Structures are given as C-alpha cells and as structure tokens.
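Here is the structure we will look at.
Note that the structure is a prediction, hence the values are computed from the model and not measured. We name chains A, B, ... by the order of the sequence lines, and we start the count at 1 in each one.
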Amino acid sequence: MRAWIWLKSSSATQVILNVAAIVALIVCCGYVASDYLSGKQQVSQLPTMKPGTLVTLPQSSRGASGGRTAQSSRGASSGRTIVLALQVGCAYCEASVPLYRDLLAAANKTSAYNVVAVFPQAGKGARGFLKARHLNIADVRQADFGTIHIEGTPTVLILDAGSHLVAEWDGRLNESQESDLFQKLALTRIRQPNIPIETTDDSSIPGIRSAELLADLDNSPVVDVRPRGEFSQYHLTAAVNIPLQELEVRAVHELPKDRAVVMYCGTHLACELDKAKEGVSTYCTESLKILRLVGFDNVLLFKDDISKAQEAKLPITWGLLVNETPITRSR
Amino acid sequence: VLHHNLERVIGSVICIFLLEGASAAPPVSQATAPPTGITSEGVVRSKASSMVLPTLGQGDGLALPSVAVCGITLRENGSIVSVSSLDVPSPAVGKAITEAVRQWKFGPLKKDADRDPTLVSATLTFYIVRQRGKMVALNPAETGYVGRWKTTGPKAEKSKGGSKI
C-alpha cells in the first residue's frame, strides 16, 4: 500500500508515463504509416515485363517470316513491332477494337512499324475474328501466352528492332493510356468510322421443324439456350436448359457430340439472321458460335416458334411467370 | 496523475485508430451502384487461389448425376460480393454449394483492380455425382459426359471452364 502511494506521488512515475504515452504514439503512427504504404503498393499486383525484356514471338502461321524475333511478313525488320495480344471471346478485346482500328490506320501510314496479332486460338479462328472486325493485320500468330509473358488479353506491346520490350499496356485502355500509346509510337491518331461487326451469312445453317423433331424426339438432344427466367415460363419438355453464358463450360458434359444437337433460342430465326447481317450479335448466332467452338459440328436450329411447336403436338412445359427465381429440380 | 497519463495514452491510441480507419478506404457511395460486367467461368476459376468443395449429404431420392450452378459476383480486386444458387437439384445442395463458394479466395481480376469499382458476375458449375454411396460435387474438369442422352463418344472430355481445380 505504501509503495502504491509512493508510486502515485512520485514525479518519476509521471515521467515514465509521459514517455510511455509518447512511445505508444510513435508505435501507432508507425503502424498507420506502414499500413498506408503497403496499401499503395497493392495497387499494382500483377507482374509486368520490364522494358528491355526479350520477347520471343512464335513463328508466323503463314511461315513467311518470324522465327525467334518479331519480324513481320513484310520483312521490315529494321522498324519497331506493335504486338496485339488478343483472344476470341474476350470482351475487353471487343471493346478495344475501335482503338486498334485507329492504331492500324496510323501505323499503315508509315513503314516504321510492323503489326503482329497474337492469339491463343488457331489461325482460322483468329483470322476470322480480325476480318469480322475490319482489323487488317497480315501477320497473325498463335502462341501460348505464358511463354511470352503475357498475363491476359488484350495486351499491346511495342518491341524494338531486336524484339526487346519498349512499352506494354494491359487491358482495355482509358483515354489517357490511349494517348500515351500514340505518343510513345509517335503516331497521330485518326479516328476511324465505327463499322459494325461482319458476320457470315448464316442462311445456310441447317434447321429443323417441329414435325421432324417430333419424329425422332427420343434420340434428339435439345438444348434451350435462353436465360433461366424465360425457360421457366415455357420450354420444349425434351429440352435441357443451358443458358448462353454457361454453354462453353456445360455443353461438352451435358450434350452428346455424336449426333445432331437441336438448339432452341426462342426467337424467330429470320429475325435473328437479319440482325446478324446488320452486325448485331443475337442469342442464336452467339450460341451457335460457342457450340461450334467447343466441338459441336452438327447443330440444328429449331426453326419454329412455340405456337407452331404446340400445333405440331410437340410436348411443351408451361410454367409460372416467375423471373430470376432459383430453379430447384427433382428428377 | 496516473489517471491523467492513462487518459493521454488511451486518447492517443483511439485517435490514431480513428485516423487510420478514415484513411484506409474511401467511403463507397450508396446512391450509385457500381456497374456490373459478366465474365466467363473459366476466367473466374483461373483467378481462384483457394477453393473449398461443398460437403454434401447422402442425397437420397435425388437423380444423379446432376448439375448445380451458382452465381457469383466479385469486385475486380477478387473479393466476393455475393453468391447465390441458380440451378440446383435440391435446396440442401444449393445451400452447401453457396456456403463452400463463399469461402473461395480469388486474386485480382485485372491490374489496378483497387481503383476500379466495377463488379463482375459469373456462374460456377458443379456436377453432383454419387461416389461410394455418397453425394460428391465435382468441378467440370473432373467430370466426363453426364448428359441424359446415350453417347458413344469419349467419356472424360474436359471443358475450358473447369481447368483450374
């Protein structure tokens, strides 16, 4: 007790406590500062290539040039190379198409640049992607992005004559990044008119009518690619619902490849094809593309609407008008 | 004196932590919801750094194999905003799957993700099969053909979306 009284009245205690307060303050400030600084560092997390890194592009698919360095099929190896790393089905690549059109228009005015497009997909798909979007790039190559240090698509690289990295831009670029790109290339941007995406004439897509489907219903896999909400309102009873967004993953597990797959997309085929010709991507055309991409070569579009299917006595399941409710199946 | 000094220490500590809380993250405006984009299952799975598979019961009465699909919404920095079941063979399976997916960890979906308020939604597919009398959820890459139509094709075809696990 005496010790406690001494401690309370001692001036030494005051000094100790003041020192403790200052130390606590310093520790807390240090904690906040380190937290703040580490937060700043987290902004850029994915590794990027350092300027000067040697980028070894694969050989050109046409065999005209390439090899271990990024030389173009035009053979202008003394200039710099612009590499566009793209991917079929990549939304940000799609969104960046106007920028690439401007870039190509500017680059084509000078012989200082070779432009190379690199895709993970095989040549035909990649060339089709570029052609449909009016991206006129002669040198298209297929590459495993991991081996050329590309983290994702779209990526734009500028390489010097020795295939060393000068600059890199990843993802969809904002306006200041786009300006930076043109500035680094010393090119003047000329904005190109917006051109709709060209699609192939799909009028030759084989289709199937209600009567034909009914004749062989038990052996015909039917896939309904509409969203769940629409499927729950009504659907062909024989159909399995795989919405467009899930087709790429689920189709190979749930649909047989050794027979014709009937695809129902709930819209009038003629309208779909008209829209496709106007460059508008539709449920039917997109679904068809994805099914073909994952290896379904024999896809038949269901060409009747639901009322005609009903008239033809195709079994139809009618549901409640409920949207976005979870479907719980019990088979 | 002792009381006075303790007050100083505690007061300083509280002030510092309040200051840190205010500087850590800018307040998110509730009035404007961030835009939501859609991405593929393959992209989302490729960003998963830690996956927890659901623990399912016996599944009596369920026709298996079956598909289970859940929807997931992520911030661009990889943090989960929400998980919901979209197409499940039973509510219990749906609950188990959503609880498991909520424990998944994702890396950032793109560079400079912390600056981008955009949300990204995708679906995650599981195939529910019976193995040794128990119901098991498999990722697509672990699953062969499970469709209702007989096939003579290869049994174990891999899909692009399930290549991660």
Given that the side chain runs from C-beta out, which part of B/T125 has a heavy atom under 4.5 Å from chain A: side chain, backbone, both or neither?
-> side chain

Might you point out which heavy atoms bring B/W149 and A/V222 nearest each other, and give the distance in Å?
-> CZ2-N, 3.6 Å

Between A/Q245 and B/T39 the two heavy atoms that sit nearest each other are NE2-O, 3.6 Å

How about B/V69 and A/R250: do any of their side-chain heavy atoms sit closer than 4.5 Å?
-> yes

Rounded to the nearest 0.5 Å, how far does CD1 of A/I290 lie from OG of B/S40?
-> 10.0 Å

Identified ring pair (Phe, Tyr, Trp, His ring centres under 6.0 Å) counterpart of A/H253 within the set B/F126, B/Y127, B/Y145 | B/Y127

Measure A/V240 against the heavy atoms of chain B and call it side chain, backbone, both or neither at under 4.5 Å.
-> both

Where do A/T237 and B/R148 come nearest, in terms of heavy atoms and distance?
-> O-NH1, 4.4 Å

Salt bridge (charged side-chain N to carboxylate O under 4.0 Å, His left out) filter on A/E212, not counting sequence neighbours, yields none

ring-ring contact (aromatic ring centres under 6.0 Å, His included) partners for A/F296, two or more places apart | none

Gap separating the CZ atom of A/R228 from the OG1 atom of B/T123, nearest 0.5 angstrom = 7.0 Å

